[in-house]
Trainee: 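Before we start, here is the structure in question, set down as structure tokens.
Keep in mind that what you see is a predicted model, and the values were worked out from it rather than measured. Naming: A, B, ... by sequence-line order, numbering from 1 per chain.
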Number of protein chains: 2
Amino acid sequence: MSKSKRLMELMLAVHRKRSFTVKELAVEFGVSSRTMLRDLQELGELGVPLYSEVGPHGGYRLLNERMLPPIAFSEEEAAAVFFASHALRHYRDIPFRTEISSALQKFYLHMPQDVRGKIDEMRDRVDFQVPHRSQSAPMLNVLLQAAIQRQPVRMEYDGRAGVEEREIRPVGIYASNGLWYCPAYCLNRQDYRLFRCDRIKTAEIMERPTEEPEMEQVHLGNWGSVHDRDSELTGIHVELSREGCRRFETGMWPQPQIRKREDGTGWIESRIPKSDIEYYAHFFIGLGMEAHVLQPAELVLSIRQMLAAMAERYGAGE
Amino acid sequence: MSKSKRLMELMLAVHRKRSFTVKELAVEFGVSSRTMLRDLQELGELGVPLYSEVGPHGGYRLLNERMLPPIAFSEEEAAAVFFASHALRHYRDIPFRTEISSALQKFYLHMPQDVRGKIDEMRDRVDFQVPHRSQSAPMLNVLLQAAIQRQPVRMEYDGRAGVEEREIRPVGIYASNGLWYCPAYCLNRQDYRLFRCDRIKTAEIMERPTEEPEMEQVHLGNWGSVHDRDSELTGIHVELSREGCRRFETGMWPQPQIRKREDGTGWIESRIPKSDIEYYAHFFIGLGMEAHVLQPAELVLSIRQMLAAMAERYGAGE
DNA sequence: GTAATCATGACAATAGCTGTCACTATTATA
DNA sequence: TATAATAGTGACAGCTATTGTCATGATTAC
């Protein structure tokens with residue numbers, strides 16, 4: 001093995017280990033301790049930020065432990081990262097804003113001119129439609145960090161009753177329609193709650209362990225079932241026109257499954273929580289004559305009542 | 001300068017130059033040609049993909065010109081790239097799928113175990129709510145490439161009239177509610193059209209220059225105004241309850257500006273295209289008693305007609 | 001006080017590197 | 001076809017760098 005090759009592998013080893021002794025590396029690389037000492041000094045001269053500590057439990061450490069070793073990416077891989085960043089560009093606030101920018105900057109700096117041109121052009125050629133929101137959500141980093149590390153958070157929340165202090169255990173954060181939400185176990189209410197992140201004014205991670213709610217296996221994919229486990233379901237049956245199917249198909253919500261016919265019309269046969277009746281009444285009214293709700297009776301009644309009130313407001317029926 | 005340092009700088013130089021002669025580099029590094037030849041051979045042994053060509057205009061080239069030199073990212077920057085990838089995870093199809101995966105894999109491979117743990121955990125702690133779509137859009141890469149390089153595309157489109165062949169100049173692609181759309185200048189129709197990408201069955205970039213529509217300055221940000229420049233506007237005035245404001249505020253569309261009052265109610269005073277009356281009628285009906293449309297008269301009339309039809313269907317008014 | 005760690009300097013032996021030189025092969029171009 | 005511009009190979013003398021061993025010293029936790 002040539003010395004150059006040994007030094008390259010040594011650079012990967014020190015980034016992998018982060019903390020090590022001269023003897024340990026000498027054995028691993030099959031050279032004497034004196035040679036390994038020299039190699040590490042030369043690595044230092046090449047720019048790897050090593051420092052040493054003498055004494056028991058001494059050894060070498062990487063000064064800036066938070067760096068990865070140099071990685072070679074293809075231009076297409078770099079372009080792919082730029083593409084992914086466009087999915088985030090209409091959000092007013094996101095976690096990792098600074099880090100994404102600096103990562104993209106590093107890629108850009110190492111690109112030849114023709115690839116830069118393509119990256120610049122892509123900016124105007126790909127987009128993700130996300131509503132623009134003016135509400136600021138400055139606490140996203142804190143909340144995400146707390147969720148990942150399963151730490152409690154003390155926050156000030158601007159809810160219906162005004163600003164109040166809450167202590168929560170965040171499940172995670174998610175974006176919907178350009179707004180960020182944080183489902184969390186609220187220690188004040190002893191139950192799960194969904195918080196809007198733009199209404200979280202301050203948040204700080206609490207270092208002291210607090211009482212531990214039973215949430216080790218709760219995450220963004222299943223917190224809803226924990227929260228909604230007591231909901232009562234009811235069956236719905238809705239007939240849809242061709243246009244109704246198209247509208248459903250391009251609509252946004254997680255939603256009941258459509259069944260379709262050859263002629264393009266379709267129907268919904270499903271079960272929904274009774275607590276959502278009001279919401280579905282609004283939704284199907286918004287579809288107008290493109291949907292015909294047949295079941296359940298509560299939903300039909302709710303629609304009927306809304307129609308009556310609106311007819312009176314708009315003077316329909318004359 | 002030690003040999004190791006020289007090799008490291010040589011590696012950066014070959015990535016920068018991409019194409020060079022032995023003599024050129026020997027002069028630049030202050031060594032003989034014979035030594036430079038040996039150095040290049042050793043670089044090859046270290047994994048840099050060089051190849052040579054003899055004869056006039058010969059020299060060395062980087063075999064895989066599509067690689068960037070090794071870049072050192074911080075762990076936070078790497079985590080940020082993983083975060084960005086989550087914005088894409090519910091899309092059935094995206095451009096750059098393979099490249100994103102391989103880029104993320106490279107980051108992951110170079111990470112220490114504790115950072116991997118955080119990345120794994122983040123998966124369940126952050127999400128972007130995007131409706132799941134079963135419709136496949138296999139031509140995204142082609143369309144995006146064509147838009148970036150401003151090349152024409154021949155495609156088969158499954159529209160209302162069945163599958164037909166179209167020749168287009170793509171403006172770009174964008175995602176909305178989990179579906180991908182491609183605004184393009186349609187050479188068959190001599191006008192701009194919006195295509196759903198899941199209905200584009202085949203697409204291939206045409207290499208021959210075709211007739212050039214005047215679209216050099218058209219991109220995703222302004223194609224709508226080119227397309228809609230003849231739209232007639234009309235003023236609207238809508239009163240909103242507190243709940244109506246909340247619904248508006250968390251809704252998804254690019255939408256007219258709300259004005260709000262101290263008590264939480266609000267109103268909309270704006271101008272919309274006349275061609276969108278039908279759409280807005282559906283939208284405000286879906287808000288039920290939370291919105292009261294006062295203007296324009298066409299919109300009120302449209303709402304009234306829809307209410308009358310629905311009242312008859314649901315037996316309201318008894 | 002002991003043990004575990006880094007650290008320095010010196011030296012002999014030897015491995016590797018460098019530049020020079022002579023020669024060969026390939027290829028585009030006039 | 002000849003020429004020039006390029007990479008390529010091998011050999012060799014002279015020189016430099018590297019390596020391991022050895023002796024010694026300093027720091028630090030336990």
Trainee: Can you say whether the rings of A:F83 and A:F128 are parallel (under 30°), tilted (30 to 60°) or perpendicular (over 60°)?
Mentor: tilted
Trainee: Choose from C:dC6, C:dA28, C:dT27 the nucleotide whose nearest atom is closest to any side-chain atom of B:V54.
Mentor: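 My answer, after comparing the listed nucleotides, is C:dT27.
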Trainee: Verify, without hydrogens or angle tests, whether A:D127 (side chain) and B:A175 (backbone) share a donor-acceptor contact under 3.5 angstrom.
Mentor: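 A pair under 3.5 Å: no.
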Trainee: Near DNA chain C, under 4.0 Å by heavy atom, which residues of residues 12-26 of chain A?
Mentor: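 Result for residues 12-26 of chain A: A:T21, A:V22, sorted by number.
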Trainee: Look at atom NZ of B:K23 and say whether more than 12 heavy atoms of other residues, nucleotides or ligands are closer to it than 6.0 Å.
Mentor: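 At most 12 heavy atoms, drawn from other residues, nucleotides or ligands, come within 6.0 Å of this atom.
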Trainee: A:G30 or A:P56: which one's nearest nucleotide on DNA chain D is closer to the 5' end?
Mentor: A:G30
Trainee: Over how many whole Å does the gap from A:F29 atom CZ to D:dT18 atom P extend?
Mentor: 17 Å
Trainee: What is the distance, rounded to the nearest whole Å, between atom CZ of B:R6 and atom C1' of D:dA17?
Mentor: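 Going from CZ in B:R6 over to C1' in D:dA17 covers 12 Å.
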Trainee: Tell me: CG of B:L7 to P of D:dA17, nearest whole Å?
Mentor: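 It is 15 Å, rounded to the nearest whole Å.
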Trainee: In residues 35-44 of chain A, which residues come under 4.0 Å of DNA chain C by heavy atom?
Mentor: A:L37, A:R38, A:Q41
Trainee: Looking only at the aromatic ring of each residue, does the gap between the centers of B:F96 and A:F82 stay below 6.0 angstrom?
Mentor: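 Judged by ring-centre distance (under 6.0 Å), A:F82 and B:F96 do not meet the cut-off.
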Trainee: Please determine whether a side-chain nitrogen or oxygen atom of A:R61 lies at a distance below 4.0 Å from atom OP1 or OP2 of C:dT5.
Mentor: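 Answer no for this pair, as no side-chain N or O of A:R61 is under 4.0 Å from OP1 or OP2.
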Trainee: When the nearest nucleotide of DNA chain C is assigned to A:S52 and to A:K3 on a heavy-atom basis, which residue is associated with the more 5' position?
Mentor: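 In this pair, the answer is A:S52.
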Trainee: At less than 4.0 Å, is any side-chain N or O atom of B:R34 found next to OP1 or OP2 of C:dA22? Yes or no.
Mentor: no
Trainee: Return the value, rounded to whole Å, for the distance between atom OH of B:Y51 and atom P of C:dT27.
Mentor: 13 Å
Trainee: Taking the six-membered ring of B:Y108 as reference, does the cationic atom of B:R116 (NZ for Lys, CZ for Arg) lie under 6.0 Å from its centre and within 45° of its axis?
Mentor: yes
Trainee: Is the distance between the ring centroids of A:Y181 and A:F195 under 6.0 Å?
Mentor: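 No; A:F195 has its ring centre 6.0 Å or more from that of A:Y181.
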Trainee: Does B:R169 use its side chain to pair, donor to acceptor, with the backbone of B:R150 at less than 3.5 Å?
Mentor: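 At least one qualifying donor-acceptor pair exists.
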Trainee: Name every donor-acceptor pair, under 3.5 Å, that has one atom in a side chain of residues 36-43 of chain B and the other anywhere in the protein, sequence neighbours excluded.
Mentor:
residue, atom, partner, partner atom, Å
B:D39, OD1, B:R6, NH2, 3.1
B:D39, OD2, B:R6, NE, 2.8
B:D39, OD2, B:R6, NH2, 2.9
B:E42, OE1, B:K3, NZ, 2.7
B:E42, OE2, A:S2, OG, 3.2
B:E42, OE2, A:S4, OG, 3.3

Trainee: Round to the nearest Å and state the distance from B:H57 atom NE2 to C:dA30 atom C1'.
Mentor: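 Going from NE2 in B:H57 over to C1' in C:dA30 covers 12 Å.
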Trainee: Expressed in angstrom and rounded to an integer, what is the separation of B:E53 atom CD from C:dT27 atom P?
Mentor: 9 Å
Trainee: Between A:W180 and A:D93 (side chain of the first, backbone of the second, donor and acceptor by atom type, cut-off under 3.5 Å), is there such a pair?
Mentor: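 Yes, A:W180 side chain to A:D93 backbone: donor-acceptor pair under 3.5 Å.
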